[in-house]
Amino acid sequence: MIEFLLFSVCSFVLYQTFYFTKEYSGNLFLMMWGYAFLFVTPAVYIFCGGEKYHVFDDESSLKFYTLGCFSSIFIILMLLFKVSLNRISISGPRIFISETILKSAFYLCIMFVATYIVFYWKQWPFFNFISEGVSERPDIVKGNFQGFFIYSLFTSIIIPSIYFYFKNKKGSFNFLFFIFVCFSMVVSGNKGVFLYFIIFNVLFEWKKIRISTYVIIFIGLMAIYALIRLPFVGEGFSFSYLVESIFERIFLTQGMAMPAVIELAKSVDITAMSSNDLKYTLFNFVYGYSPGSMPLFYTAELYVRYGWFIMSMISVIISLVFGFGAFVINKKKESSIRWVYYISLYALIMGGVGSANIFFFIVAFFWWLLLNLSDKNIRTWSVK
């Protein structure tokens, strides 16, 4: 009871901090959103006696509340550090890459993704959902897909940022490229990055579209989700199931992974597992079958691996790094650059700090650097 009350107070303070720093609609929006569906809604559900996905005991629930308190403190630190940097001005020499070289690199990236899609055309889960039924996602079961991780880096970091770089082109180019970006994301059966690509557009790009357009987008998203879920449900599929499944997946399923992994760590030595192996094992622990994977907020994975102290030290560093990143992106408002930070924040929230995600962050950093060079800006820091 005390732990839940303390968690409630910390959550209230966190959202007040978002309000006063005005980051509820800024670059750190995802931290606010992620904390809500990974901590707040699951914590309330557990406290109210919810039983679904409840594979853990009361002790693990209490540790989950405590982890939520720590996580809120780290996010507050991220927010305040970002705000404290506002007094810093950015100046420096102008260095740039030739536009011809830059666009050549962009076109090569697009050609790689298009070629990869065509090469595995008959094996993509999206088409199997339509023609044959259930098909495993290549990010979970490798199967015949070679180099899918590289492909996923392109479709989550590089291709969307190229789209935003070219978004002011006239004619049908924007629309066709938008379809290509969306298709490259959902063809593998993974809905997460695609959903947050749409959210990014709603937050930062689509400022002057009509409400009816938003309704069409919402219906389209539900249709895609239904298409992917239908083979797994079969005759039990209905509109009420669809709505319930969407809300459950957003506000409950992902957050329940954290008390579950705390419980799992009591009986299984997870220190030798890779981050992906841990998520696969956790899925089997919660659902009772495999294959599958459950996302983990970075503080949860750090805690079960290293304990409270090391988790806190690493989380403080992460808060400073991403707080600094939010400040840089705030000064540099180009959507192509903002997307790289945004998707890195998404990877941190949903994927944690495993080796694959560290490589993800490295690729994101170098792509961010390239985009800054393309904008003829290498920035150095000076204090006013």
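In this text, all values refer to a predicted model and were calculated from it rather than measured experimentally.
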Closest contact, heavy atoms only, Trp339 versus Ser161: CD1-N, 3.9 Å
Test ring-ring contact (aromatic ring centres under 6.0 Å, His included) applied to Phe164 and Phe204, Phe197, Phe177, the passing residue: Phe197
Interatomic spacing from CE in Met273 to CG in Asp269 - rounded to 0.5 Å: 7.5 Å
Same apolar cluster: Ile179 and Phe200, side chain cutoff 4.5 Å: yes
ILVMFWY network linking Leu153 to Phe119, side-chain heavy atoms under 4.5 angstrom: yes
Residues, nucleotides or ligands: over 12 heavy atoms within 6.0 Å of Phe359 CZ: no
Exam field: side chain Arg338 to backbone Ile329, donor-acceptor pair closer than 3.5 Å: no
Any Thr155 side-chain heavy atom under 4.5 Å of Val193 side chain: no
Main-chain N/O of Ser184 paired with Tyr151 side-chain donor or acceptor, under 3.5 Å: yes
Exercise: identify the closest heavy-atom pair between Gly50 and His54: O-CD2, 3.3 Å
Separation between CG of Leu320 and CG of Leu77, rounded to the nearest 0.5 Å: 5.5 Å
Side chains of Ile157 and Phe360 in contact at under 4.5 Å (non-hydrogen atoms): yes
Side-chain touch Phe7/Phe39, heavy atoms, less than 4.5 angstrom: yes
Any donor-acceptor N/O pair, Tyr45 side chain to Lys52 backbone, under 3.5 Å: yes
Plane angle bin for Phe322 and Phe361 - parallel if under 30°, tilted between 30 and 60°, otherwise perpendicular: perpendicular
Worked check of side chain to side chain contact (heavy atoms under 4.5 Å, CB included) between Phe285 and Glu263: CA-CA 10 Å; Phe285 178 69; Glu263 184 69 26; 3.9 Å; yes
Donor-acceptor contact present, side-chain Asn284 to main-chain Tyr280, <3.5 Å: no
Donor-acceptor side-chain pairing of Ser188 and Trp124 below 3.5 angstrom: no
Spatial distance of atom OG1 (Thr281) from atom CD1 (Ile270) [nearest 0.5 Å]: 9.5 Å
Hydrophobic cluster membership, Ile73 vs Tyr306, 4.5 Å side-chain cutoff: no
Test item: Tyr342 side-chain N/O and Tyr196 main-chain N/O as donor-acceptor pair under 3.5 Å: yes
Under 3.5 Å donor-acceptor, Ser71 side chain and Tyr35 backbone: no
Phe18/Ile75 under side chain to side chain contact (heavy atoms under 4.5 Å, CB included): CA gap, chis, key distance, verdict: CA-CA 10 Å; Phe18 268 107; Ile75 298 172; 4.0 Å; yes
Donor-acceptor pair, side chain of Glu301 and main chain of Arg305, under 3.5 angstrom: no
Atom pair CE (Met32) and CZ (Phe29), whose distance is rounded to the nearest 0.5 Å: 5.0 Å
4.5 Å side-chain heavy-atom contact, Met258 and Ile262: no
Atom pair CE (Met31) and CG (Leu14), whose distance is rounded to the nearest 0.5 Å: 8.5 Å
Close aromatic pair by centroid cut-off 6.0 Å: Tyr303 and Phe70: no
Pairwise side-chain contact, Ile310 with Leu302, heavy-atom cut-off 4.5 Å (strictly under): no
Flag if over 12 foreign heavy atoms under 6.0 Å of CZ, Phe366: no
Test side chain to side chain contact (heavy atoms under 4.5 Å, CB included) applied to Ile162 and Cys109, step by step: CA-CA 9 Å; Ile162 294 175; Cys109 292; 4.0 Å; yes
Plane angle bin for Phe154 and Phe112 - parallel if under 30°, tilted between 30 and 60°, otherwise perpendicular: tilted
Criterion side chain to side chain contact (heavy atoms under 4.5 Å, CB included) on Ile318 and Phe74, from CA distance to verdict: CA-CA 9 Å; Ile318 290 172; Phe74 299 138; over 6 Å; no
Pair Lys266-Glu59, salt bridge (Lys or Arg N to Asp or Glu O under 4.0 Å): steps then yes or no: CA-CA 11 Å; Lys266 295 177 182 178; Glu59 180 187 3; 3.3 Å; yes
Joint cluster assignment, Phe194 & Trp33, ILVMFWY side-chain distance < 4.5 Å: yes
Tyr107 reachable from Val118 in the ILVMFWY side-chain graph, under 4.5 Å edges: no
Inter-residue atom distance Phe56.CZ - Leu62.CG, 0.5 Å rounding: 11.0 Å
Side-chain donor/acceptor of Thr41 to backbone N/O of Phe251, under 3.5 Å: yes
Over all atoms of both residues, closest heavy-atom pair of Ile76 and Val13: CD1-CG1, 3.8 Å
Derivation and outcome, side-chain hydrogen bond (donor to acceptor under 3.5 Å, both in side chains), residues Thr21 and Lys82: CA-CA 9 Å; Thr21 58; Lys82 184 260 181 183; over 6 Å; no
Asp57 vs Ser60, side-chain hydrogen bond (donor to acceptor under 3.5 Å, both in side chains): CA-CA, chis, key distance, verdict: CA-CA 6 Å; Asp57 59 21; Ser60 296; 3.2 Å; yes
Side chain Tyr163, main chain Ser336, donor-acceptor under 3.5 Å: no
Any side-chain donor near an acceptor of the partner, Asn276 and Ser274, under 3.5 Å: no
Any donor-acceptor N/O pair, Tyr165 side chain to Phe106 backbone, under 3.5 Å: no
Candidate pair Gln146 and Tyr116, rule side-chain hydrogen bond (donor to acceptor under 3.5 Å, both in side chains), full reasoning: CA-CA 10 Å; Gln146 301 295 321; Tyr116 194 93; over 6 Å; no
Within-4.5 Å side-chain heavy-atom neighbours: Ile317 and Val321: yes
